[in-house]
Amino acid sequence: METTIEESHRIVVLLQREHSTLIQEKEKNNQEIQERENQIKKLKEEKLALRNWLFKQSDIYKKIIKLSKQNVSSKKERSVLTDAELKKLKETVLDIYIDYIAGIKANIPN
């Protein structure tokens, strides 16, 4: 009977150690997951910043900025984007932001 109690106690101690080890591994894994999620978030922010920079380097963006700085009181005298420029703007935005737009669309419920 005494050996059974000792053996049972030994098994309980081993199980407690195993449980403790598993808890530590879980905490370590959770910490690694959090670190990777933070890295992913940072990379997404950097990617968006690069997209914005790329858009600002485009000729169509420079044209839009130029048009926005017009100091004309009459609407008839204001310059606007031509149809071809509007098409170029749309193409440029889609080219640069296509996967960003797709990600947003995926997260928006229909």
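In what follows, residues are counted from 1 in the order of the sequence shown.
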Rounded to the nearest 0.5 Å, what separates atom [atom1] in [X] from atom [atom2] in [Y]?
| X | Y | atom1 | atom2 | value |
| --- | --- | --- | --- | --- |
| I64 | S58 | CD1 | OG | 7.0 Å |
| K42 | I40 | NZ | CD1 | 13.5 Å |
| W53 | I96 | CH2 | CD1 | 10.0 Å |
| T82 | K63 | OG1 | NZ | 7.0 Å |

Check whether [X] reaches the backbone of [Y] with its side chain - one donor and one acceptor, N or O, closer than 3.5 Å.
| X | Y | value |
| --- | --- | --- |
| S20 | Q16 | no |
| Q70 | S79 | yes |
| Q24 | T21 | no |

Do Y97 and N52 have a side chain donor and acceptor closer than 3.5 Å? yes
Compute whether any side-chain donor of one residue and acceptor of the other, for E25 and N29, lie under 3.5 angstrom apart. no
Is any side-chain heavy atom of [X] less than 4.5 Å from a side-chain heavy atom of [Y]?
| X | Y | answer |
| --- | --- | --- |
| E27 | Q31 | no |
| D59 | T92 | no |
| K41 | E37 | no |

So with a 6.0 Å cut-off around CG of N38, is the heavy-atom count from everything else above 12? yes
Counting only heavy atoms from other residues, nucleotides and ligands, does the tally under 6.0 Å from NZ of K62 exceed 12? yes
Passing candidate, side-chain contact (heavy atoms from CB on, under 4.5 Å) with I60, options I65, V93, L81: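 It is L81; the other options fail the test.
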Compare every heavy atom of V72 with every heavy atom of R78, then report the nearest pair and how far apart it is.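 The pair with the smallest heavy-atom distance is NE-O, 3.6 Å.
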Between K47 and D99, is a salt bridge (Lys or Arg N to Asp or Glu O under 4.0 Å) present by the stated rule, with each step listed? CA-CA 11 Å; K47 188 176 179 181; D99 59 331; 2.7 Å; yes
Give the intermediate values and the outcome of side chain to side chain contact (heavy atoms under 4.5 Å, CB included) for residues E85 and L89. CA-CA 6 Å; E85 290 170 329; L89 173 62; over 6 Å; no
Shared hydrophobic cluster for [X] and [Y] (ILVMFWY, side-chain gaps under 4.5 Å):
| X | Y | value |
| --- | --- | --- |
| V12 | I23 | no |
| I104 | L94 | yes |
| L50 | L43 | no |

Run the salt bridge (Lys or Arg N to Asp or Glu O under 4.0 Å) test on K90 and D95 for me, step by step, so that the C-alpha distance in whole Å, both residues' side-chain angles and the decisive distance to 0.1 Å come before the verdict. CA-CA 8 Å; K90 182 178 179 180; D95 286 346; over 6 Å; no
